[in-house]
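First listed ligand is number 1; within each ligand, the first listed atom is number 1. Values below: every heavy atom of this structure, side chains too, minus hydrogens, waters and symmetry copies.
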Amino acid sequence: MHNSLSNLIEIQKEIQLKINTKNSTTKIPKIIAVTKTHPMTSILPIINHGHLDYGENKVQEAMEKWGNIKIDFQHLNLHMIGKLQSNKVKYAISLFQYIHSLDSLKLAEKISSEQIKQNKKVKLFIQINIGEEIQKNGIYISNLKEFYKKCVQDLGLDVIGLMCLPPNNDNVSSYFLKMQNLITNSDLKELSMGMSSDYLQALDFNSTYLRIGSKIFGQRN
Ligand SMILES: *Cc1c(COP(=O)(O)O)cnc(C)c1O
C-alpha cells in the first residue's frame with residue numbers, strides 16, 4: 001500500500017476513535033487532502049481508494065495538476081484553500097467546487113459576477129482573521145455580520161461556513177473555540193479548521209472540514 005493511503009487510513013481511524021469517545025452527535029468531519037506541491041503519483045492511490053476531497057492553494061498549480069484528472073473523476077471535490085487573486089477568479093470558478101478563502105468584498109463581487117457568466121455556483125467559506133494578525137488575510141469578527149449579509153443578500157453567494165488559519169505561536173484551542181462560537185451564533189453549519197499539527201484539537205470544537213497535507217503526503221520541499 002502506498003504511504004499516502006496508509007497515512008490517510010491511519011488518520012481516519014484516529015478521528016473515528018476520538019469521535020467515539022466524545023459520545024456526542026458529532027458529525028464525522030471531511031478530510032481535505034491538501035495536495036499542493038505533491039505529484040499525481042502520490043495522490044492517485046487515494047483517489048483510487050475512493051477519497052473525494054482535495055485541496056490546493058494556487059490556481060495555476062491546481063489547473064495543471066487537476067485539469068485532466070477532473071475529466072476522468074468528475075465526482076471529486078476540489079477545494080481552493082489559498083489566497084485567491086481577483087485575476088484568477090474565472091479559472092477558480094471553473095475548476096473548484098469549494099473556495100475557503102473568501103476574504104474581501106472585492107473578491108466577493110468578482111466571484112459573484114464570474115458565477116453569473118459561467119452559470120455555476122461554488123460553495124464558499126468566509127476566511128476569518130481569528131488572531132487579528134495584520135500579516136494574515138481574512139475578515140475581522142467585528143465585520144462578519146455585515147460582510148456575510150452583503151455576500152448572501154446582495155451578491156447571491158452560497159456561503160456555507162467559516163475558515164481560519166489560527167496563529168501558530170499561541171494557544172490554538174482558544175481560537176478554535178472562538179470559531180465554534182461564531183458558528184453557533186449564525187445560520188452557518190460548516191467549519192474549515194485544523195491542519196496536520198492540530199486537527200485533533202480542531203475536532204474538539206466540531207470542525208467539519210480538516211485540511212491535512214503533510215501528515216498524508218509527507219513534508220513539502
Ligand atoms: C498547506 C495548507 C494546509 C495543510 O497544511 P499541513 O500542515 O501540511 O497539513 C492547510 N490549510 C492551508 C490554507 C494550507 O495552505
Side-chain angles (χ1 to χ4, degrees), residues 2-15 18 29-40 42-43 45-46 51-66 76-85 88-89 92 95-104 107 111 122-133 135-139 159-170 172-173 175-176 178-180 190-221:
H2 194 282
N3 272 347
S4 57
L5 180 53
S6 51
N7 292 340
L8 175 67
I9 290 173
E10 224 24 70
I11 292 167
Q12 285 168 331
K13 277 191 202 152
E14 191 183 25
I15 289 171
K18 176 141 185 158
K30 297 223 160 68
I31 296 174
I32 300 173
V34 177
T35 49
K36 64 190 186 197
T37 76
H38 293 288
M40 222 3 108
S42 306
I43 307 167
I46 73 173
H51 192 73
L52 294 177
D53 291 275
Y54 298 87
E56 290 281 347
N57 70 336
K58 294 202 172 81
V59 174
Q60 181 70 33
E61 179 184 347
M63 287 183 355
E64 286 163 14
K65 198 186 294 179
W66 291 98
L76 299 183
N77 297 315
L78 294 186
H79 300 255
M80 174 59 184
I81 61 173
K83 173 76 185 164
L84 180 54
Q85 309 291 345
K88 300 278 171 60
V89 167
L95 181 66
F96 290 97
Q97 285 65 53
Y98 295 77
I99 294 172
H100 292 239
S101 43
L102 175 54
D103 63 358
S104 73
L107 180 61
I111 290 173
V122 299
K123 296 188 171 74
L124 296 162
F125 291 81
I126 295 174
Q127 183 170 351
I128 303 296
N129 191 340
I130 196 68
E132 307 205 335
E133 298 170 283
Q135 76 278 18
K136 279 205 183 138
N137 303 306
I139 303 297
V159 177
I160 63 166
L162 303 177
M163 175 272 212
C164 77
L165 277 165
N168 51 15
N169 53 341
D170 234 309
V172 79
S173 294
Y175 298 109
F176 288 162
K178 279 191 189 176
M179 291 293 290
Q180 185 183 28
E190 309 299 340
L191 204 39
S192 167
M193 59 187 199
M195 311 183 9
S196 291
S197 56
D198 55 18
Y199 61 91
L200 288 177
Q201 282 148 289
L203 259 186
D204 287 333
F205 301 93
N206 294 349
S207 175
T208 59
Y209 285 85
L210 309 172
R211 309 181 310 264
I212 304 179
S214 44
K215 191 95 195 263
I216 299 172
F217 299 108
Q219 287 304 322
R220 290 177 292 272
N221 295 323

Partners passing side-chain contact (heavy atoms from CB on, under 4.5 Å) against Q85 (at least two apart in sequence or in another chain):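 Listed in chain order: K83, N87, K88.
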For K65, salt bridge (Lys or Arg N to Asp or Glu O under 4.0 Å) partners two or more places apart: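 If we apply the salt bridge (Lys or Arg N to Asp or Glu O under 4.0 Å) test to K65, skipping adjacent residues, the hits are E56, E61.
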With heavy-atom distances below 4.5 Å as the criterion, would you say the side chains of [X] and [Y] are in contact?
X	Y	value
L76	Y54	yes
I31	Y199	no
L203	I15	yes

Residue pairs involving residues 208-220 (criterion salt bridge (charged side-chain N to carboxylate O under 4.0 Å, His left out); sequence neighbours excluded):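 Listed by first then second residue: nothing to list.
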Those protein residues which place at least one heavy atom below 4.0 Å from ligand 1: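 Only V34, K36, I81, L165, M195, S196, R211, I212, G213, S214, R220 have heavy atoms that fall under 4.0 Å of ligand 1, ordered by chain and number.
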